[in-house]
Structures are given as structure tokens and as C-alpha cells.
Amino acid sequence: MLIQFILKSKASSGVVTIAPNATISEAAKLLGEHKIGTVVVSSDGETAEGILSERDIVRELARTGPSCLSDCAKNYMTRKLVTCTSQSNVEEVLQQMTEGRFRHMPVVEEGKLIGLVSLGDVVKAQLAEVAMEKDALEGMIMGH
């Protein structure tokens with residue numbers, strides 16, 4: 001299965017982004033408003049410069065206290081992004097996410113951000129594929 005099928009099945013095709021100079025407080029508010037765990041840091045809304053997660057914010061709050069809330073997102077974002085394309089294999093993406101211990105991966109085509117997949121999206125797709133295979137095998141066994 002390819003990532004493009006996950007992107008097509010998602011309710012929203014847009015990616016929530018925030019400017020690099022936005023504050024951590026603004027990022028936290030955006031995460032809460034959209035009920036999401038990660039925001040892509042982008043100057044233009046099309047190019048992924050970094051990624052900032054709830055975990056990044058919580059870790060910094062624990063380390064430095066509430067003063068970090070007025071700092072810029074670019075100071076705490078993950079800069080070394082692991083990305084995939086719409087043609088990436090779901091199993092390979094799942095493996096990368098598991099090994100890298102991260103839960104969100106930007107989908108990039110020709111340098112432009114076209115989507116974001118979560119670990120939950122990938123697991124859901126894998127489970128759906130296994131269920132379809134199970135039904136097909138049962139149908140073959142039963143002679144349907």
C-alpha cells in the first residue's frame with residue numbers, strides 16, 4: 001500500500017503550518033485548536049523547514065519552565081526532517097517512524113509539502129489492509 005491512499009482517505013488534505021518566528025505559545029494554541037499533536041514549521045506554508053510536536057513543547061517546559069512559551073518555534077523544532085512521498089510504501093514509512101521514534105512524517109513532492117501522515121494513520125491503513133486480506137481468504141475458503 002502507498003502513502004497516497006492514506007492521504008486520499010484523510011478527512012482533511014491540508015497541513016497545519018506555523019511560521020518559524022511564531023512563539024511556542026502560539027504553536028501550543030494552534031495544536032489545541034486543531035486537536036493535533038504536531039505542526040509543520042514553514043515560512044511559506046509550502047516548504048517544510050521543521051516540525052514541532054507537543055512532546056517538544058512539554059520537554060522544553062519541563063527543562064526551562066514557562067519562559068520558553070515566548071521563544072520562537074524555530075528554536076525548538078526538529079530541523080532534520082524525515083519525509084516521504086505519496087509513492088512511499090506504508091510498511092517502510094511505519095518502519096522509519098518506529099525506528100526513529102516519531103509519530104508524524106511530512107509528505108513532500110518536488111520540495112513542496114503535500115500532506116502529513118501520523119503513526120495512527122499508518123497503523124489504521126495496515127489494519128484495513130489485513131482485514132481485506134482476511135475477508136478475501138475467508139471468501140476463497142468458503143467458495144464465494
Side-chain angles (χ1 to χ4, degrees), residues 1-64 68-69 71-144:
M1 180 183 297
L2 301 178
I3 291 296
Q4 71 182 1
F5 297 112
I6 293 176
L7 293 178
K8 287 179 183 175
S9 70
K10 291 181 73 147
S12 173
S13 61
V15 179
V16 178
T17 64
I18 194 164
N21 290 326
T23 65
I24 295 298
S25 180
E26 292 170 320
K29 184 177 180 185
L30 193 62
L31 292 170
E33 286 173 354
H34 290 275
K35 297 180 181 166
I36 55 177
T38 292
V39 63
V40 174
V41 181
S42 175
S43 297
D44 60 9
E46 293 183 357
T47 307
E49 298 167 40
I51 196 163
L52 183 70
S53 71
E54 294 169 319
R55 288 180 178 182
D56 296 328
I57 294 170
V58 169
R59 285 182 183 130
E60 193 56 32
L61 276 168
R63 194 173 76 77
T64 63
C68 72
L69 294 173
D71 288 343
C72 293
K74 67 181 176 186
N75 296 336
Y76 304 108
M77 70 182 186
T78 299
R79 294 176 185 275
K80 187 177 178 185
L81 291 177
V82 178
T83 65
C84 64
T85 70
S86 63
Q87 297 304 303
S88 294
N89 182 289
V90 170
E91 289 177 19
E92 292 170 3
V93 168
L94 179 59
Q95 183 176 359
Q96 287 179 301
M97 292 173 115
T98 302
E99 289 174 1
R101 298 184 53 87
F102 54 88
R103 298 180 296 163
H104 297 87
M105 186 181 288
V107 183
V108 177
E109 299 275 333
E110 298 178 10
K112 294 198 184 229
L113 184 65
I114 64 163
L116 185 75
V117 291
S118 71
L119 186 58
D121 295 333
V122 175
V123 169
K124 181 180 173 184
Q126 290 284 92
L127 290 173
E129 188 172 36
V130 168
M132 287 189 320
E133 289 173 0
K134 174 189 163 279
D135 291 344
L137 288 171
E138 285 178 349
M140 288 174 23
I141 291 168
M142 303 299 279
H144 297 124

Engineer: Quick check for you: to the nearest 0.5 Å, what is the distance between Met97 atom CE and Glu92 atom CD?
Structural biologist: 13.5 Å
Engineer: Within this structure, what is the CE-OG1 distance for the pair Met77 and Thr38, rounded to the nearest 0.5 Å?
Structural biologist: 14.0 Å
Engineer: First locate atom NZ of Lys10, then atom NZ of Lys124, and finally report the distance between them rounded to the nearest 0.5 Å.
Structural biologist: 9.5 Å
Engineer: Picking from Ser88, Ser118, Cys84, what satisfies side-chain contact (heavy atoms from CB on, under 4.5 Å) with Met105?
Structural biologist: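 The passing option is Cys84.
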Engineer: Determine the minimum heavy-atom distance between Asn21 and Cys72, stating which atoms define it.
Structural biologist: O-SG, 3.6 Å
Engineer: Which atoms form the tightest heavy-atom contact between Ala19 and Ala73, and what is the distance?
Structural biologist: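 Reported closest heavy-atom pair: O-CB, 4.2 Å.
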Engineer: Kindly give the heavy-atom pair with the smallest separation between Ala48 and Leu113, and that separation in Å.
Structural biologist: CB-CD1, 4.3 Å
Engineer: Applying the side-chain contact (heavy atoms from CB on, under 4.5 Å) test to Ile114, which of Val108, Thr85, Val107, Val15 qualifies?
Structural biologist: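 Of the listed residues Val108, Thr85, Val107, Val15, the side-chain contact (heavy atoms from CB on, under 4.5 Å) partner of Ile114 is Val107.
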Engineer: Please give me the minimum heavy-atom distance between Gly115 and Leu7, naming the atom from each residue.
Structural biologist: CA-CD2, 4.1 Å
Engineer: Just how far is it from atom CG of Asp121 to atom CD of Gln126, taken to the nearest 0.5 Å?
Structural biologist: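 So the CG of Asp121 and the CD of Gln126 are separated by 12.0 Å.
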Engineer: Would a distance-only check, ignoring hydrogens and angles, find a side-chain to backbone donor-acceptor pair under 3.5 Å from Lys74 to Glu49?
Structural biologist: no
Engineer: Evaluate the side-chain proximity of Ile6 to Val93: yes if any heavy-atom separation is below 4.5 Å, no if none is.
Structural biologist: no
Engineer: Are any non-hydrogen side-chain atoms of Glu33 and Leu30 less than 4.5 angstrom apart?
Structural biologist: yes
Engineer: Does Thr17 reach the main-chain N or O of Val40 with its side chain, forming a donor-acceptor pair under 3.5 Å?
Structural biologist: no
Engineer: Could you state the interatomic distance from CD1 (Ile24) to OH (Tyr76), rounded to the nearest 0.5 Å?
Structural biologist: 6.5 Å
Engineer: Quick one: do Glu60 and Arg63 make a salt bridge, cutoff under 4.0 Å?
Structural biologist: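 Salt bridge: yes.
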Engineer: Which heavy atom of Leu31 sits nearest a heavy atom of Ser53, and at what distance?
Structural biologist: CD1-C, 4.5 Å
Engineer: Would the distance check show the side chain of Glu109 and the main-chain N or O of Ser86 forming a donor-acceptor pair, the cut-off being under 3.5 Å?
Structural biologist: yes
Engineer: CG/Asn89 to CD1/Ile3 distance, rounded to the nearest 0.5 angstrom?
Structural biologist: 8.0 Å
Engineer: Has Thr64 got a side-chain atom pairing as donor or acceptor with Leu61's backbone, closer than 3.5 angstrom?
Structural biologist: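 No: the side chain of Thr64 does not pair with the backbone of Leu61.
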